[in-house]
Undergrad: 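The structure is given below, and queries will be raised subsequently.
Residue numbers begin at 1 in each chain, while the letters A, B, ... track the order of the sequences.
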Number of protein chains: 2
Amino acid sequence: MGVTKTEVFSEKENRIADLAKAFAHPARVAILTYLSENRTCICGDLVEALPLSQSTISQHLKELRRIGIIKGNIEPPKVCYCINEEVWQEAKLTFGLLLNAYQGCGC
Amino acid sequence: MGVTKTEVFSEKENRIADLAKAFAHPARVAILTYLSENRTCICGDLVEALPLSQSTISQHLKELRRIGIIKGNIEPPKVCYCINEEVWQEAKLTFGLLLNAYQGCGC
DNA sequence: AACTATTATCGTAATATTGCGTTATATAGA
DNA sequence: TCTATATAACGCAATATTACGATAATAGTT
């Protein structure tokens with residue numbers, strides 16, 4: 001069907017999946033890396049920095065905003081994107097807990 | 001187009017995206033959580049544990065194997081899936097580095 | 001008001017993903 | 001060999017994603 005059965009999974013599982021989705025495309029990895037490395041949250045030059053069209057990048061930004069991991073400050077005529085610290089922390093905590101839960105197996 | 005332009009991104013960016021993809025669907029989160037919590041790598045009962053059909057789960061397992069984060073040991077007539085420790089560590093390291101690179105912004 | 005720069009949205013096309021029923025395959029044990 | 005069980009593979013349908021050009025929207029500037 002192509003439609004994820006979100007209702008049969010827990011809130012937590014769905015949230016983890018969403019947070020992971022932020023990093024599940026190389027363009028978004030590049031965007032997030034760029035934003036995290038440029039503390040001044042320089043922005044629209046993402047279009048110059050990445051080998052994708054402006055409209056494609058805009059869509060990735062929209063998805064990242066939906067997830068909440070970035071936010072955009074309007075500074076006409078530009079929009080300055082930067083990492084949303086709270087959600088970034090949430091991701092750090094979430095993946096930390098998830099990945100540290102595993103303590104090896106007895107195979 | 002629906003076709004990710006992987007060639008324009010770095011190896012690293014693509015790998016991160018792939019690792020994230022392992023967690024970017026609630027069913028896969030559930031599978032990985034199950035496997036990481038059950039150290040004995042009990043297996044086929046994933047079908048019982050999850051509200052999805054056997055064939056659907058098998059496909060998610062296939063994707064997880066492609067990424068490398070799980071591996072299957074054949075113990076006829078079962079196949080025993082468990083976390084691939086090396087790749088799990090790789091994920092831990094990768095997301096750790098990525099998420100810790102950000103030190104706040106000056107917005 | 002017209003112009004400019006920047007970003008968002010729309011429409012479209014191609015491909016990927018998700019899910020499931022069905023079928024095939026493999027193996028242990030009777 | 002036959003049977004039951006377990007997993008994989010196939011094929012289909014529906015939806016989602018990715019990408020881009022074109023167009024619109026926004027907000028300063030002149």
Undergrad: To the nearest Å, how far apart are A:Leu52 CG and D:dG21 C1'?
TA: 14 Å
Undergrad: How would you list, by chain and number, every residue that makes a salt bridge (charged side-chain N to carboxylate O under 4.0 Å, His left out) with B:Glu90, sequence neighbours excluded?
TA: B:Arg15
Undergrad: Please name all residues satisfying side-chain contact (heavy atoms from CB on, under 4.5 Å) with A:Ala22, sequence neighbours left out, ordered by chain then number.
TA: A:Leu32, A:Leu64, A:Ile67, A:Ile69
Undergrad: Would you give a per-nucleotide map of nucleotides 7-12 of chain C, 5' to 3', where B means the base has a protein non-hydrogen atom under 4.0 Å away, S means only the sugar-phosphate does, and - means neither?
TA: BBB---
Undergrad: Quick one: B:Ile57 CD1 to C:dG19 C1', roughly how many Å, whole number?
TA: 11 Å
Undergrad: Quick one: list whatever passes side-chain contact (heavy atoms from CB on, under 4.5 Å) with A:Thr33, sequence neighbours left out.
TA: A:Val29, A:Glu37, B:Leu98
Undergrad: Are a donor atom and an acceptor atom from the side chains of A:Ser55 and A:Ser58 found within less than 3.5 Å of each other?
TA: no
Undergrad: How many Å lie between CG on A:Asn73 and P on D:dA27, as a whole number?
TA: 14 Å
Undergrad: At under 4.0 Å, does any side-chain N or O of B:His60 touch on OP1 or OP2 of C:dT17?
TA: no
Undergrad: Just the rounded figure in Å: distance from C1' of D:dT7 to CD of B:Glu63.
TA: 18 Å
Undergrad: B:Lys5 has an atom NZ; how far is it from atom C1' of D:dT18, in whole Å?
TA: 11 Å
Undergrad: Who pairs with A:Thr6 by side-chain contact (heavy atoms from CB on, under 4.5 Å), at least two apart in sequence or on another chain?
TA: A:Thr4, A:Asn14
Undergrad: Just jot down the salt bridge (charged side-chain N to carboxylate O under 4.0 Å, His left out) partners of B:Arg66, sequence neighbours excluded, or say none.
TA: B:Asp18, B:Glu63
Undergrad: Under the rule for side chain to side chain donor-acceptor pair (under 3.5 Å), what residues qualify as partners of B:Gln59, not counting sequence neighbours?
TA: none
Undergrad: Taking only residues two or more places apart in sequence, or in another chain, which ones meet B:Lys5 in a side-chain contact (heavy atoms from CB on, under 4.5 Å)?
TA: A:Leu52, B:Glu7, B:Val8
Undergrad: How close or far is atom P of C:dT15 from atom CD of B:Glu7, stated in whole angstroms?
TA: 13 Å
Undergrad: Please list, in numerical order, the residues of residues 9-25 of chain B that have a heavy atom closer than 4.0 Å to any atom of DNA chain D.
TA: none
